[in-house]
Amino acid sequence: MNIASVIVDVPTMQTDRPFDYLIPEKWSQMIQPGMRVIVPFGSRNVQGYVVKVKDHSSFPQLKAIREPMDVVPVLNQELMDLADWLTKTTLCFKVSAYQAMLPAAMKAKYEKRFAAVNEEKIADEKVAELFKKKKEITWEEGEKAGLLTSIQKEVKAGTVELIYKVKSKGNKKTVRMIGTRLSAEELSEAASRLKGNAVKQKRLIDVFKQHPGEMISAKELLENANSTSSSLQALIQKGILYEEQKEVYRDPYAQTDFEKTSPFPLTDEQRKAISPIIEALEEEKHETFLLYGVTGSGKTEIYLQSIQKVLEKGKEAIVLVPEISLTPQMVHRFKSRFGDDVAVLHSGLSIGEKYDEWRKILKKEAKVVVGARSAIFAPFENIGIIIIDEEHETSYKQEETPRYHARDVAIKRAQHFNCPVILGSATPSLESFARAQKGVYHLLTLKNRMNHRDLPEVEIVDMREELRAGNRSIFSRSLFEKLKDRVEKGEQTVLLLNRRGHSSFVMCRDCGYVVQCPHCDISLTYHHFSNEMKCHYCGYETIAPSVCPECGSPYIRYFGTGTQKVEEELGKLLPEARVIRMDVDTTRKKGAHETLLRQFSEGKADILLGTQMIAKGLDFPNITLVGVLSADTMLHLPDFRSSEKTFQLLTQVSGRAGRHELQGEVVVQTYTPEHYSIQLAGQQNFERFYQREMIMRKLGSYPPFYYLALVNVSHEDPLVAASVTEKITKFIRSRLSNKTVVLGPTASPIPRINNRYRYQCLIKYKHEPMLSDTLKSILEQYNGQGSYSHLQIAVDINPFVMM
DNA sequence: AGCACGCCGACT
DNA sequence: GTCGGCGTGCTC
């Protein structure tokens, strides 16, 4: 057993298979599947994942593993199998699947360095001088000195060596701990031998006399003893004290106090909903529950009590929350109930913090993980339940490879562990609700709010009427009246500006010219802060024009109401109102979210103004008014889910009002008040919406009636892109059943990105066993190199974004 | 992905 | 003649 099969960190079609390596004698006992190793690959060193240890290879000339990167496997067998499944279902590379399962800190970084091996013989003077100061320089340093070609000549001559280094991003954080091996008496004696003026050293010894046998961090010690590090160093030198590096976790929640909570008594309705879950837990059987409960109906308490049960059985729980940093309240509730058993994984943490939380899970120091999408891969080995809150959220679908949906992964893992999955939502996705209707999922319903308050009253305002009545403001008369009233009464308001699909573009009011990206077929987005125009797709930047480049008119300005503009407007109309603005600009800094929300909850503002990010999870007692400024902006996007998204957003945001003692009110402003998703969101009638939307989906042959797969082809030459897509589409048609709908080739909604022309083929199918093989052979044929080397093909099975 | 190898056009 | 462009194929 001295050969390891390794998947190397080279994400291409032709390297997406194991390569065999010899395991050097000294590591023969320790190398196991699931460990990362550094291996030579071609002329460089790369990171690799051991998938198998064996004693035979058909390859005659094996190279040896350079170095192990782990002492224990970072991926267990279950996760390795899960990676295989991910590879098959999403058509991604093995490495990509492994990398998706591990914290970003474990992704390798590569560095090229030059080292002088024979300094005297270096021919080029400039190069020799460079290596006089340092024996080793990085590639970048060589480049900066402008000597790359000369250095490369020296490499050929053998005087300089090119080294490929694999570096890990993850650093364990350590703390210096100080202790003593001496007894109290010995310490006193040692202290008496010190010079009389060594008071600082004596004070240090005193600390250990009071706490014999304990270790204390150097920082704390110096503070307690009011001493200095040089005194400490002296004592260590003398052998009186000793130091040790202790590994510590960075704890992002260290500053926060969590008041312990106990389970709340459940309402009848909640008790009825939780009992099938408890039953599944007891019987250790896999079942997927759809917990459909109106906003404020107490879904979280059901999660908490189910987890309680799981922990009592000595098992672990995964809770997924959409972009969790948005809901510090949620984290708070889990931490308060389960204390240090909870690990938190979300995008707001630094790479190091995420790495630490992940290691807590691996070392079994955490039993519950609360996190965003990728937390579904938490390396637990005895999962008792998986919960996905706000199940309908699109952020559970990853839009880069591996293009997985966390819901699918959850069900796959739960099947392995024979445990239940709970999908919770007030506005379930059509897919999930349809499955619940068919009995594939077990439907659990919570119809009543916990406070027995009615759902808030929703008023839909037709903005066209407002315009006709001469009101050109952003606010309808009704919303403005109510806003004024709340500010006077000291109650709080949430204002949602739905800006998706309607980004701020710059247009000339004289000739209609819109500033576009020169490399992509998309209008540039205006950034007020820097007065720049930026392309979201390729990163192109330019200064915003002050006159129209087309006709020279000075009447060129940006369109699309931004939060900033609304804030200005509020300042004019209601100068006494205190406003907190939450959007990408004001929440970019780490922790900004929490700070702004805390200020709002402490009543330091009357109005919380923001984009989608404020729609979810806020639970403040004093909110009695919710205003949606433009409900229909995303209704007109070329996306079959736009009605569903609109309905969900409006329902979710309405749910923010009147969650406690005070009754809430909602005003929805729109230009299409007759649209069913707005009407039914106004009535908070999910069932009706579901029926209505299902008809639309059936007519369009969309999910949940059909599954989708999208093939996206891009090339710098539009003719090549079109003709290849044509070929691919024909090929797909020939291979799939005639019940499957194959659409295309068509130009993508964004026909050009970064000067690459994009065409696509959309497949709608119900049952298509050949699909995966067909798509895979397309990838193999075209995505490899050869005559199609400039072609890029991306396959998305069950896409959420059709761009 | 990188990198070497090999084949063609533009220079000292 | 050679330097360097890019197209092609390989990495245990």
Side-chain angles (χ1 to χ4, degrees), chain A residues 1-25 27-28 31 33 35-69 87 91-100 107-114 123-124 138-140 142-143 146-158 160-167 169 400-402 714-717 720 724 754-756 779-794:
Chain A
M1 302 290 261
N2 62 338
I3 292 169
S5 279
V6 175
I7 299 285
V8 291
D9 179 20
V10 182
T12 63
M13 212 75 225
Q14 48 264 279
T15 51
D16 187 36
R17 61 186 173 86
F19 288 82
D20 290 346
Y21 288 88
L22 283 171
I23 303 174
E25 192 61 36
W27 297 317
S28 62
I31 299 279
M35 281 184 178
R36 296 172 305 152
V37 288
I38 296 171
V39 291
F41 195 65
S43 52
R44 58 214 167 103
N45 292 321
V46 297
Q47 189 183 66
Y49 296 84
V50 177
V51 288
K52 203 172 166 190
V53 175
K54 55 188 187 178
D55 49 26
H56 239 287
S57 173
S58 53
F59 197 80
Q61 282 180 315
L62 296 180
K63 290 186 184 174
I65 288 175
R66 282 272 144 83
E67 217 181 311
M69 293 181 84
T87 309
L91 299 178
C92 70
F93 305 126
K94 287 253 157 65
V95 239
S96 315
Y98 294 142
Q99 264 158 11
K107 194 174 147 96
K109 277 210 301 201
Y110 299 100
E111 194 185 57
K112 283 193 285 187
R113 288 173 157 269
F114 296 109
D124 191 296
T138 64
W139 178 282
E140 286 73 25
E143 202 168 28
L147 293 172
L148 265 190
T149 33
S150 319
I151 298 173
Q152 278 169 318
K153 272 183 201 153
E154 299 297 334
V155 173
K156 277 214 177 101
V160 172
E161 198 186 359
L162 178 57
I163 308 171
Y164 296 90
K165 280 207 166 152
V166 180
K167 285 168 74 179
K169 286 191 209 161
E400 306 100 60
T401 49
S714 73
H715 193 275
E716 60 251 42
D717 182 348
V720 175
V724 171
N754 229 343
N755 284 325
R756 299 182 60 86
L779 287 174
E780 272 160 14
Q781 197 181 337
Y782 295 92
N783 234 1
Q785 281 126 319
S787 48
Y788 297 111
S789 56
H790 286 261
L791 205 63
Q792 271 173 30
I793 301 192

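Letters A, B, ... are given to chains in the order of the sequence lines, protein chains preceding strands, and every chain is numbered from 1.
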Whole Å only: how far is the [atom1] atom of [X] from the [atom2] atom of [N]?
X	N	atom1	atom2	value
A:K156	C:dG4	NZ	P	10 Å
A:K109	B:dA1	NZ	C1'	18 Å
A:F59	C:dC12	CZ	P	7 Å
A:Q47	B:dG2	CD	C1'	17 Å
A:M13	C:dC10	CE	C1'	16 Å

So what does A:P60 touch, heavy atoms closer than 4.0 Å: a base, only the sugar-phosphate, or nothing?
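Touches nothing.
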
Check the surroundings of atom NZ in A:K52: do more than 12 heavy atoms from other residues, nucleotides or ligands lie under 6.0 Å from it?
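Open.
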
Parallel, tilted or perpendicular for A:Y49 and A:Y98, by the 30°/60° rule?
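Ring orientation of A:Y49 relative to A:Y98: tilted.
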
Do we count A:F41 as stacking onto C:dT11 if the rule is ring centres under 5.5 Å and planes under 30°?
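Stacking is present between C:dT11 and A:F41, given that their ring centres fall under 5.5 Å apart and the planes under 30°.
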
Please answer whether the main-chain N or O of A:V46 pairs with a side-chain N or O of A:D9 as donor and acceptor at a distance below 3.5 Å.
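A pair under 3.5 Å: no.
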
A:E154 side chain to A:D124 main-chain N or O, any donor-acceptor pair under 3.5 Å?
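Here the side-chain-to-backbone pair exists.
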
What distance do A:K112 atom NZ and A:E140 atom CD have between them, rounded to the nearest 0.5 Å?
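Rounded to the nearest 0.5 Å, the NZ-CD separation comes out at 8.0 Å.
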
Hey, could you give me each pair passing salt bridge (Lys or Arg N to Asp or Glu O under 4.0 Å) that has a residue in residues 57-68 of chain A? Not counting sequence neighbours.
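The answer is none; no pair qualifies.
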
Between protein and nucleic acid, restricted to nucleotides 3-11 of chain B and to nitrogen or oxygen atoms under 3.5 Å apart, what atom pairs and distances do you find?
residue, atom, partner, partner atom, Å
B:dC3, OP1, A:K112, NZ, 3.4
B:dC3, OP1, A:Y164, OH, 3.3
B:dC3, OP2, A:K112, NZ, 3.1

Pull out every residue in residues 48-57 of chain A that has a heavy atom closer than 4.0 Å to any atom of DNA chain B, ordered by number, or say none.
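Output list: empty, so none.
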
Is A:K109 paired with A:E111 through a side-chain N to carboxylate O contact shorter than 4.0 Å?
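No.
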
Is any side-chain N or O of A:H790 closer than 4.0 Å to OP1 or OP2 of C:dG7?
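The answer is yes; a side-chain N or O of A:H790 sits under 4.0 Å from OP1 or OP2.
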
Counting only side-chain heavy atoms from C-beta out, which of C:dC12, C:dG7, B:dA1 sits nearest to A:Y21?
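Selected nucleotide: C:dC12.
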
